[in-house]
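Source: prediction; values computed, not measured.
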Amino acid sequence: QVQLVESGGGLVQAGGSLRLSCATPGWDISSYYMGWFRQAPGKEREFVTAITWSGGKTYYADSVKGRFTISRDTAKNAVYLQMNNLKPEDTAVYSCARGPYRRQIQFRRRDEYDYWGQGTQVTVSS
């Protein structure tokens, strides 16, 4: 059974930072695109960032570029999302997702990902 387990969410003031983690017990992240998406109340789930299965490229939504950083640790089979200079509009449930095995995907599309974590809440106060 494929599992993705997010952690690290919480309440933070505007301008603050959080680091989200996505643990992937039982399988090797180095063969999959990994993405982070978020969903705010009343809105659709939206793309935040992705990293290729080789780890060589990262992609970001314009709204987070320069503030968020995706990274991974293949030894720990974990993916991270470092979020700096947080804004109230970043408030959402953040979920990590896994793409199909060693296949290039349209990483901004939700339906390109096969498995999802349960999400972790990030709340940014003004």
Flag yes if Val48 and Val124 sit in one hydrophobic cluster, no otherwise; membership is Ile, Leu, Val, Met, Phe, Trp, Tyr, and two members link when side-chain heavy atoms are under 4.5 Å apart.
-> yes

Flag, side chain of Ser21 to backbone of Ser7, donor-acceptor distance under 3.5 Å | no

Do Ile29 and Ile70 share a hydrophobic cluster (ILVMFWY, side-chain heavy atoms under 4.5 Å, transitive)?
-> yes

Measure centre to centre between the rings of Tyr101 and Tyr32, then say whether the value is under 6.0 Å.
-> yes

Are the side chains of Arg67 and Tyr60 in touch, meaning some heavy atoms are under 4.5 Å apart?
-> no

Same apolar cluster (I L V M F W Y, side chains within < 4.5 Å links), Val79/Tyr94 | yes

Tested for side chain to side chain contact (heavy atoms under 4.5 Å, CB included) against Val122, the lone hit among Leu18, Thr91, Val93 is Leu18

Step-by-step side chain to side chain contact (heavy atoms under 4.5 Å, CB included) determination, Leu86 to Phe68 | CA-CA 9 Å; Leu86 282 160; Phe68 290 13; 3.8 Å; yes

Main-chain N/O of Pro25 paired to Asn77 side chain as donor or acceptor, under 3.5 Å | no

For the pair Thr49 (side chain) and Tyr59 (backbone), establish whether a donor and an acceptor sit closer than 3.5 Å, ignoring hydrogens and angles.
-> yes

Between the side chain of Tyr113 and the main-chain N/O of Phe107, is any donor-acceptor distance below 3.5 Å?
-> yes

Should Asp90 and Lys87 count as an ion pair when the cut-off is N to O under 4.0 Å?
-> no

Would Ser30 and Thr74 count as a side chain to side chain contact (heavy atoms under 4.5 Å, CB included) if you check the C-alpha gap in whole Å, the side-chain angles of each, and the deciding distance to 0.1 Å?
-> CA-CA 6 Å; Ser30 64; Thr74 54; 4.1 Å; yes

Minimal heavy-atom distance between Ser31 and Trp53, with the atoms involved, is C-CB, 3.4 Å

Quick one: does Met83's side chain get under 4.5 Å of Trp36's, heavy atoms only?
-> no

Backbone N/O of Gln106 and side chain of Tyr33: donor-acceptor pair under 3.5 Å | no

Ignoring hydrogens and angles, tell me if any N or O in the side chain of Arg98 forms a donor-acceptor pair with the backbone of Tyr115 under 3.5 Å.
-> no

Distance-only, no hydrogens or angles: does the Thr24 side chain make a donor-acceptor pair with backbone N or O of Leu4 under 3.5 Å?
-> no

Hey, is the main chain of Arg38 close enough, under 3.5 Å, to the side chain of Glu46 for a donor-acceptor pair?
-> no

Any donor and acceptor pair, going by atom type alone, linking the side chain of Glu6 with main-chain N or O of Gln118 inside 3.5 Å?
-> yes

Thr69 side-chain N/O to Gln82 backbone N/O, donor-acceptor pair under 3.5 Å | no

Interatomic spacing from NZ in Lys57 to CD in Gln104 - rounded to 0.5 Å = 8.0 Å

